[in-house]
Amino acid sequence: MMFKKIVLIILLLTSCSFAVSLDDKIGQMIILGFSGNTVNSKGFKKILKDVEHQKISGVILFSKNIKSKDDLIKMNEKLLASSDVVPFIAIDNEGGFIQRHSFYKSLTAQQVSKKDEAQVEKEYSKMADVLSELKFNLNFAPCVDLSVNKNSIIVKKQRSYGSNPKKVSKIARIFILEHNKRKIITSIKHFPGHGSAKGDTHKGFVNSTDVFKKSELVPYQELKDLDEMNMVMVSHIYNKNIDKDFPASLSKKTVNDLLINEIGFKGVVISDDYDMGAIRKNYSLRDIVVNAINSGVDILLFSNNIGRNNKTISSDIHKIIKEEIKKGSIKEEDIDRSYEKIMALKARL
């Protein structure tokens, strides 16, 4: 483990030199889902090669990937041992309805919001302990969306800590710190806010133009300085008052201008799953990749959960980025910037 950390630091220090290939830099910008639930699964063997050859930055696991605790740990350990650059091993584990494993049942955000600070700390300490035991190093949580629309899927699934942004930030901070103590990166979501919008971006286009409240940005402002081992996940919500042309995850006005420049977040920005209906039904893979990178997104997330497993998606993304760099549609300096941020984050694991 110490050797891997030394290698990672060396790679970080040489990130702007010829020592790191463009393909290796691009690879660090991709997280994929996969099929398979044992080390002998065909899908797992394929994704393991992608990690080993640094074609991707890491993986996200879903319920379909979790057969038993032993099999899960074996897969994650094999992934972690496969590359000198530590891969992200990610999961959605907010608690309650959004939990991909069944080894320990966490409370919903709504239930947690009714607990005192000591109880909240105990709840998220236990959650982080379990994820650490299972060898995860990235949790796509906590959800900091505000409970401002009772018809929002966030509210219906009890995923919000409430309507008070200060309270939401306070609980989320405990969640984050308990994970960070165990070297688990977190990702607050869904920027710039999903709690006011009715609809589900998993299924299709969601518009928050007429319902979005500026208070939904407060948790990101409150938590922006907790970025050493943390990410921000950008949603697929459309708000024409922010960007009349693109949903948040493909919008330079949302990511670069609002999140990075105005709010001041300096850490790694990751997209929500680009395989969701809100994006895949409306944009080609090439359009997704080009607009995501130009918007300021550092890591592109594809779950491979759209009814088919795209076996060539990592190669497809590499090919698109290199072609668009040659065209001038993507700047190589943006690839370098994202690579440096990602490697700095991985160096803390």
Peer 1: Looking at Lys126 and Glu178, does any basic side-chain N land under 4.0 Å from a carboxylate oxygen?
Peer 2: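 No.
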Peer 1: Quick one: does any side-chain atom of Ser251 pair with a main-chain N or O of Pro247 as donor and acceptor, under 3.5 Å?
Peer 2: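 Pair absent, no side-chain N/O of Ser251 close to backbone of Pro247.
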Peer 1: Provide the full list of ring-ring contact (aromatic ring centres under 6.0 Å, His included) pairs with a residue in residues 237-268, sequence neighbours left out, each pair given once.
Peer 2: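 Found Phe205-Tyr238.
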Peer 1: Using a 3.5 Å distance criterion without hydrogens, assess whether the side chain of Asn261 forms a donor-acceptor pair with backbone atoms of Asn256.
Peer 2: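 Pair found, side chain donor or acceptor close to backbone of Asn256.
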Peer 1: Using the test ring-ring contact (aromatic ring centres under 6.0 Å, His included), find all partners of His101 that sit at least two apart in sequence or belong to another chain.
Peer 2: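 ring-ring contact (aromatic ring centres under 6.0 Å, His included) check on His101 returns Phe103.
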Peer 1: List the steps and the verdict of side-chain hydrogen bond (donor to acceptor under 3.5 Å, both in side chains) for Ser196 and Glu216.
Peer 2: CA-CA 8 Å; Ser196 58; Glu216 296 181 69; 2.7 Å; yes
Peer 1: Going by the rule side-chain hydrogen bond (donor to acceptor under 3.5 Å, both in side chains), which residues pair with Lys327 if we only count those two or more places apart in sequence or in a different chain?
Peer 2: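 side-chain hydrogen bond (donor to acceptor under 3.5 Å, both in side chains) list for Lys327, sorted by chain: Glu324.
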Peer 1: Under 4.0 Å between a side-chain nitrogen and a carboxylate oxygen: does that hold for Lys170 and Glu222?
Peer 2: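 Salt bridge: no.
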Peer 1: What's the separation between atom OG in Ser235 and atom CD1 in Ile279, rounded to the nearest 0.5 Å?
Peer 2: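 The distance works out to 9.0 Å.
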Peer 1: Please assess Glu123 against Lys115 for the test salt bridge (charged side-chain N to carboxylate O under 4.0 Å, His left out), listing each intermediate value before the final yes or no.
Peer 2: CA-CA 10 Å; Glu123 174 70 15; Lys115 305 292 184 181; over 6 Å; no
Peer 1: Identify whether the distance between the nearest side-chain nitrogen and carboxylate oxygen of Lys266 and Asp227 falls below 4.0 Å.
Peer 2: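 So Lys266 does not pair with Asp227 through a salt bridge.
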Peer 1: Who are the side-chain hydrogen bond (donor to acceptor under 3.5 Å, both in side chains) partners of Ser63, not counting sequence neighbours?
Peer 2: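 By the side-chain hydrogen bond (donor to acceptor under 3.5 Å, both in side chains) rule, Ser63 matches no residue at all.
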Peer 1: Is the number of heavy atoms from other residues, nucleotides or ligands under 6.0 Å of Glu228 CD greater than 12?
Peer 2: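 No - once you tally the heavy atoms of other residues, nucleotides and ligands closer than 6.0 Å, there are 12 at most.
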Peer 1: Quick one about Asp129 and Ser132 (side-chain donor to acceptor, distance below 3.5 Å, no hydrogens or angles considered), yes or no?
Peer 2: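 Result is no, nothing qualifies.
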Peer 1: When you look at Ser315 and Lys55, which way does the side-chain hydrogen bond (donor to acceptor under 3.5 Å, both in side chains) test go after all the steps?
Peer 2: CA-CA 8 Å; Ser315 297; Lys55 291 186 71 175; 2.6 Å; yes
Peer 1: Which pairs pass ring-ring contact (aromatic ring centres under 6.0 Å, His included) with one or both residues in residues 143-176, sequence neighbours excluded?
Peer 2: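 Passing the test, one end in residues 143-176: Tyr124-Phe175, Phe175-His179.
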Peer 1: Can a side-chain donor-acceptor contact be found between Gln28 and Ser57 if the only test is distance below 3.5 angstrom?
Peer 2: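 Distance-only check passes for Ser57 and Gln28.
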Peer 1: Determine whether the side chains of Arg182 and Ser125 contain a donor N or O and an acceptor N or O closer than 3.5 Å.
Peer 2: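 Yes, Ser125 and Arg182 have a side-chain donor paired with an acceptor closer than 3.5 Å.
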Peer 1: With sequence neighbours excluded, what pairs up with Lys322 under the salt bridge (charged side-chain N to carboxylate O under 4.0 Å, His left out) test?
Peer 2: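 Counting only residues at least two positions away or on another chain, Lys322 forms a salt bridge (charged side-chain N to carboxylate O under 4.0 Å, His left out) with Asp23.
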Peer 1: My understanding is that only residues two or more places apart in sequence, or in another chain, count here; which of them pass salt bridge (charged side-chain N to carboxylate O under 4.0 Å, His left out) with Lys49?
Peer 2: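 Checked Lys49 against salt bridge (charged side-chain N to carboxylate O under 4.0 Å, His left out); zero matches.
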Peer 1: Listed by chain and number, what are the side chain to side chain contact (heavy atoms under 4.5 Å, CB included) partners of Asp70, not counting sequence neighbours?
Peer 2: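 Partners of Asp70 by the side chain to side chain contact (heavy atoms under 4.5 Å, CB included) criterion, ordered by chain and then number, come out as Ser68.
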Peer 1: Show me the pairs that pass ring-ring contact (aromatic ring centres under 6.0 Å, His included) and involve residues 53-83, at least two apart or across chains.
Peer 2: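 Non-adjacent pairs meeting ring-ring contact (aromatic ring centres under 6.0 Å, His included): zero.
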Peer 1: Between NE2 of His318 and CD1 of Ile313, what distance do you get to the nearest 0.5 Å?
Peer 2: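 Rounded to the nearest 0.5 Å, the NE2-CD1 separation comes out at 11.0 Å.
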Peer 1: Does one side chain, of Thr312 or Asp316, offer a donor that lies under 3.5 Å from an acceptor on the other?
Peer 2: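 A donor-acceptor contact under 3.5 Å links the two side chains.
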Peer 1: How far does CD1 of Ile56 sit from OG of Ser314, to the nearest 0.5 angstrom?
Peer 2: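 So the CD1 of Ile56 and the OG of Ser314 are separated by 6.5 Å.
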Peer 1: How would you list all residue pairs meeting ring-ring contact (aromatic ring centres under 6.0 Å, His included) that involve residues 218-237, not counting sequence neighbours?
Peer 2: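 Counting only pairs at least two positions apart or across chains, the ring-ring contact (aromatic ring centres under 6.0 Å, His included) contacts touching residues 218-237 are Phe191-Tyr220, His236-Tyr274.
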Peer 1: Tell me whether Lys46 forms a cation-pi arrangement with Phe34, defined as NZ or CZ under 6.0 Å from the six-membered ring centre and within 45 degrees of its axis.
Peer 2: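 Judged by the rule (NZ or CZ under 6.0 Å from the ring centre, within 45° of its axis), Lys46 is not positioned above Phe34.
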Peer 1: Taking all non-hydrogen atoms of both residues, which atom of Ser35 and which atom of Lys64 are closest, and how far apart?
Peer 2: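 Closest pair (atom of Ser35, atom of Lys64, distance): OG-NZ, 4.3 Å.
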Peer 1: Is Lys25 salt-bridged to Asp336, cutoff N-O under 4.0 Å?
Peer 2: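 A salt bridge is present here (some side-chain N lies under 4.0 Å from a carboxylate O).
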Peer 1: With a 4.5 Å heavy-atom cut-off, do Met229 and Thr186 have their side chains touching?
Peer 2: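 A side-chain contact is absent here, since even the closest heavy-atom pair is not under 4.5 Å.
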Peer 1: Indicate whether the side chain of Asn230 and that of Asn180 have a donor and an acceptor atom separated by less than 3.5 Å.
Peer 2: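 Present: a donor and an acceptor within the cut-off.
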Peer 1: Can you list everything that forms a side-chain hydrogen bond (donor to acceptor under 3.5 Å, both in side chains) with Glu323? Sequence neighbours excluded, please.
Peer 2: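 side-chain hydrogen bond (donor to acceptor under 3.5 Å, both in side chains) list for Glu323, sorted by chain: Arg286, Lys319.
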Peer 1: Atom CZ in Arg280, atom CG in Asn282: separation rounded to 0.5 Å?
Peer 2: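 Between atom CZ of Arg280 and atom CG of Asn282 there are 12.0 Å.
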Peer 1: The criterion is side-chain hydrogen bond (donor to acceptor under 3.5 Å, both in side chains); which residues satisfy it with Ser169, sequence neighbours excluded?
Peer 2: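 Scan of Ser169 (side-chain hydrogen bond (donor to acceptor under 3.5 Å, both in side chains), adjacent residues dropped) gives none.
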